[in-house]
Amino acid sequence: MKRLQAYRYELRPNSEQQRQMRRFAGSCRFVYNKALALQKERYEQGEKKLGYAGLCKELTAWRNSAETPWLKDAPVHPLQQALKDLERAYANFFARRAAFPRFKKKGQSDSFRYPDPKQIKLDQGNSRIFLPKLGWLRYRNSREVLGTVKNVTVSQSAGKWFVSIQTEREVEPPLPKGGAVGIDMGVVRFATLSDGTVYAPLNSFRRHETALRKAQQAMSRKVKFSNNWKKAKARVQRIHSRIGNARRDYLHKATATISKNHAVVFVEDLQVRNMSRSAAGTTDQPSKNVRSKSGLNKAILDQGWFEFRRQLDYKLAWNGGHLIAVLPQNTSRTCPCCGHVSAENRQTQARFECVVCGFEENADLVGALNVLRAGHARLACEVSGAVMPPAAGTHRSDSGAARCRA
Ligand SMILES: [Zn+2]
């Protein structure tokens with residue numbers, strides 16, 4: 001079984017290398033924006049969109065043009081990768097996965113990618129990596145890179161430079177350990193497992209929110225582009241990156257533990273994207289409870305449920321397990337003991353009490369137990385051959401699950 005994995009390290013560039021990396025990232029951004037402008041112009045004039053090969057021809061012309069001679073100083077492959085990125089942005093737009101591609105701004109995800117492993121040398125013993133036109137770069141070697149290098153991305157975040165090394169390697173098909181578990185996602189408890197394990201809410205954003213707001217206010221009071229403004233801006237970026245780090249760390253730890261100890265994980269198919277849609281509603285249909293809804297939306301985005309599921313999906317696959325989404329019908333209102341379905345079972349947000357048999361439990365744990373039950377029902381349905389929905393890690397609900405729930 002082939003496994004793709006990325007390893008990320010902080011770079012320790014010298015000042016010349018820092019200057020070069022800023023320049024290369026700028027050149028890639030320039031090429032991306034110029035190509036996007038060109039495509040827009042062609043569209044307005046009724047011409048066909050250029051493909052990747054056509055854009056590469058344009059790139060050669062730009063590199064040889066007297067107007068932008070500095071483009072020649074940047075390595076050519078990363079510039080071409082910027083065109084590939086634009087192609088992907090268009091493809092995502094046409095597939096309705098993303099909004100129309102936008103122009104890139106300086107300082108927003110500054111990065112560039114080397115796609116050719118032949119031009120990259122990794123010297124782990126000396127904690128250094130060789131990249132075209134940058135030479136040997138030192139990095140903070142925190143763990144060993146496994147597998148053969150496929151490509152390398154250099155990026156900047158909050159004033160620091162990072163390298164992400166994508167590798168591929170052959171691994172033994174893993175045997176999953178452990179049984180099945182259901183997970184209920186919530187705001188008060190980030191995740192509750194049907195075995196009783198509870199993951200506390202992340203709320204990293206809220207904790208840093210005050211600091212962030214103050215830093216942003218301080219920045220807005222400064223004269224734009226002055227030295228003090230730049231200092232204030234760096235502070236805002238530092239807080240942003242601290243929030244991101246805390247969140248990433250938490251999610252990775254949680255998903256690693258869950259995927260190592262379970263062969264099958266059932267989650268509710270909540271469609272995080274739909275839930276976190278504008279709280280205000282549309283002009284035709286203004287939302288009724290903007291306040292509570294925007295609170296929930298914030299919590300969803302804040303806690304990274306989507307990222308949590310994405311990580312669970314690929315980590316379970318690494319360990320030979322599966323992530324399976326089930327429809328969230330009545331998971332919060334069904335009694336796991338007698339099966340009675342009623343909204344009255346849920347007296348408060350936190351407490352579940354069955355009005356028929358008197359079963360009492362934490363509402364999130366009840367949700368997790370019901371997700372587990374629904375998951376088992378769906379699997380039983382698939383085995384009997386009634387329906388064959390996609391097997392593993394689907395993020396989509398399907399009619400098969402609905403029929404099984406009956
Ligand atoms: Zn009951």
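Just so you know, these numbers use all the heavy atoms, side chains as well, and skip hydrogens, waters and symmetry mates. This one's a predicted model, so the numbers in the text were calculated from it and none came from an experiment. Just follow the structure's listing: the first ligand is 1, and inside any ligand the first atom is 1.
- Within the 4.5 Å cutoff, the side chain of W70 has heavy atoms near those of the F30 side chain.
- The count of protein N, O or S atoms under 2.8 Å from the Zn ion (ligand 1) stands at 4, with waters excluded from the count.
- The two atoms that bring T167 and G147 nearest to each other are CB-C, 4.1 Å, heavy atoms only.
- For the pair K84 and Y52, the cation-pi test (distance below 6.0 Å, angle within 45°) is passed.
- Looking at Q166, Q5, R169, Q124 one by one, the single match for side chain to side chain contact (heavy atoms under 4.5 Å, CB included) with V145 turns out to be Q124.
- A distance of 6.0 Å or more separates the ring centres of W161 and Y139.
- Cation-pi contact between R3 and W318: present, with separation from the ring centre below 6.0 Å and deviation from the ring axis of at most 45°.
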